[in-house]
Amino acid sequence: MPELPEVETIRRTLSKKVQGKTIRCVEILLPRLIKWPSAPEFQAVVTHKTVKNLARRGKYLLFYLSEGQVMVVHLRMTGRLYYRTPDMARDRFTHLVFTFENGDELLYADTRTLGTLYVMPEGELWRISGLSQMGPEPLSAEFTLSYLQTILAKRKGKIKSLLLNQNLIGGLGNIYVDESLALAGIHPERAANSLTDEETKNLFQAINQVIQAGIDHGGTTFRDYRNGEGKSGDHQRHLRVYGRKNQLCAICGSKIERTEVGGRGTHYCPHCQH
DNA sequence: CTTCACGCCTGTCAGC
DNA sequence: TGCTGACAGGCGTGAA
């Protein structure tokens with residue numbers, strides 16, 4: 001479900017609510033979502049810890065807890081985190097319930113149950129390879145034009161697949177990759193190393209612009225995504241190509257096409273993207 | 001090392 | 001109405 005803008009929006013909406021709160025107990029209704037350590041150990045470690053800070057890296061959320069522990073959550077396709085007071089309805093697909101000392105709850109809900117949770121001391125985060133091997137993310141100081149040029153230079157795979165590789169760039173997913181390529185005027189099946197300097201520069205700017213817009217609009221809601229307050233995002237109203245098959249391109253009026261690239265649904269304007 | 005197909009899960013929707 | 005197949009915002013694994 002969520003990509004960088006959605007996870008960042010969840011972080012912002014949840015942060016002020018969970019910070020400083022102490023976890024009284026944890027109910028684990030679907031233990032297989034816990035990837036490290038075992039579910040009983042996870043429960044034991046998290047219980048009675050205080051949330052110090054809520055951070056994000058790519059699409060991972062990191063709850064920094066007291067005693068140097070970090071709870072890591074990846075929402076994958078349909079994971080959702082809700083903060084709620086006891087009077088509010090519980091999501092039908094709730095699999096974990098964290099109850100705070102004041103009675104409020106943090107719910108982890110997930111329709112397809114592909115999400116993953118971990119808890120470990122900060123010094124052991126290297127265990128999560130997707131986190132420790134993640135490339136620089138858009139809008140960060142490490143994500144520069146020369147970095148993008150370097151990773152494109154020797155790769156002959158499709159540009160779309162490269163942009164989805166979290167080890168190269170962290171945080172981009174299917175929506176924002178399609179949108180970035182549309183804004184840059186680049187066809188998703190172009191070989192990465194075939195981009196000109198001008199196209200690479202346009203792509204660099206497009207990625208940052210699209211991610212910033214996604215954050216500014218509080219994320220994109222197609223179906224499942226909600227922020228930490230259970231509210232939908234707004235960026236779906238600003239999409240150029242994603243989910244717009246057979247609708248008209250706002251620039252040239254051509255019909256947006258949908259194909260498959262690297263096994264992922266892919267949307268582009270056949271007239272504007274080369 | 002890069003690239004690709006596949007599996008993991010469950011729900012929704014279009015088409016027949 | 002009921003059924004079937006395609007599709008879904010992600011990523012780890014194993015094979016070529």
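Because the structure is predicted, anything quoted here is derived from the model rather than measured. Below, chain A is the first sequence line, B the second, and so on; all start at residue 1.
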Rounded distance (Å) that lies between atom C1' of dA6(C) and atom CZ of Arg264(A) = 15 Å

Assess whether atom CD1 of Ile251(A) is packed by more than 12 heavy atoms of other residues, nucleotides or ligands within 6.0 Å.
-> no

Name the nucleic acid region contacted by Lys154(A), choosing base, sugar-phosphate or nothing; use a 4.0 angstrom heavy-atom cut-off, strictly under.
-> nothing

Angle class for the His74(A)/Tyr60(A) ring planes (parallel below 30°, perpendicular above 60°, tilted otherwise)?
-> perpendicular

Is the backbone of Gly233(A) close enough, under 3.5 Å, to the side chain of Thr221(A) for a donor and an acceptor to pair up by distance?
-> yes

If the P atom of dC9(B) is compared with that of dT4(C), how far apart are they to the nearest Å?
-> 23 Å

Rounded to whole angstroms, how far apart are NZ on Lys245(A) and C1' on dA8(C)?
-> 14 Å

Separation of atom CZ in Arg92(A) from atom C1' in dT12(B), rounded to whole Å = 12 Å

Atom CG of Leu114(A) and atom P of dG9(C): how far apart are they, to the nearest Å?
-> 12 Å

Using the P atom in both, what is the distance from dG11(B) to dC11(C), to the nearest Å?
-> 22 Å

Taking OP1 and OP2 of dG9(C), is either one under 4.0 Å from a side-chain nitrogen or oxygen of Tyr176(A)?
-> no

Polar pair under 3.5 Å, donor/acceptor by atom type, side chain Arg223(A), base dA8(C) | no

DNA chain B: Thr113(A) or Gly157(A), which has the more 5' nearest nucleotide?
-> Gly157(A)

With sugar-phosphate meaning primed atoms plus P, OP1 and OP2, does Thr116(A) contact a base, only sugar-phosphate, or nothing at under 4.0 Å between heavy atoms?
-> nothing

With DNA chain C as reference, determine whether Arg112(A) or Gly130(A) sits nearer its 5' end, using the nearest nucleotide of each.
-> Arg112(A)

Could you tell me whether a side-chain N or O of Thr266(A) sits under 3.5 Å from a main-chain N or O of Arg264(A), the two making a donor and an acceptor?
-> yes

Protein-nucleotide distance (Lys158(A), atom NZ; dT3(B), atom C1'), rounded to Å = 11 Å

Just by distance, with hydrogens left out, do Tyr118(A) and Glu124(A) show a side-chain donor and acceptor under 3.5 Å apart?
-> no

CG of Leu30(A) versus P of dT10(B): gap in Å, rounded?
-> 9 Å

Name the closest nucleotide to the Phe93(A) side chain, picking from dG11(B), dG9(C), dG10(C).
-> dG11(B)

His74(A) vs dC11(C): side-chain N/O to OP1/OP2 distance below 4.0 Å | yes

Across every strand shown, the nucleotide meeting Watson-Crick or G-U wobble geometry with dC7(C) (both distances under 3.5 Å) is dG11(B)

Residue Phe222(A), side-chain heavy atoms: nucleotide from dT2(B), dA8(C), dG9(C) that is nearest | dG9(C)

In terms of side-chain heavy atoms of Arg32(A), which of dG10(C), dA8(C), dT10(B) is nearest?
-> dT10(B)

dC11(C) phosphate, OP1 or OP2: any side-chain N/O from Gln166(A) under 4.0 angstrom?
-> yes

Rounded to the Å, how far apart are Ile175(A) CD1 and dC7(C) P?
-> 17 Å

Taking atom P in both dC7(C) and dA5(B), compute the distance separating them and give it to the nearest angstrom.
-> 15 Å

Has Lys156(A) got a side-chain N or O lying under 4.0 Å from the OP1 or OP2 atom of dT3(B)?
-> no

Rounded to the Å, how far apart are Glu8(A) CD and dG9(C) C1'?
-> 17 Å

Can you label the angle between the Tyr147(A) ring and the Phe143(A) ring as parallel, tilted or perpendicular, going by 30° and 60°?
-> perpendicular

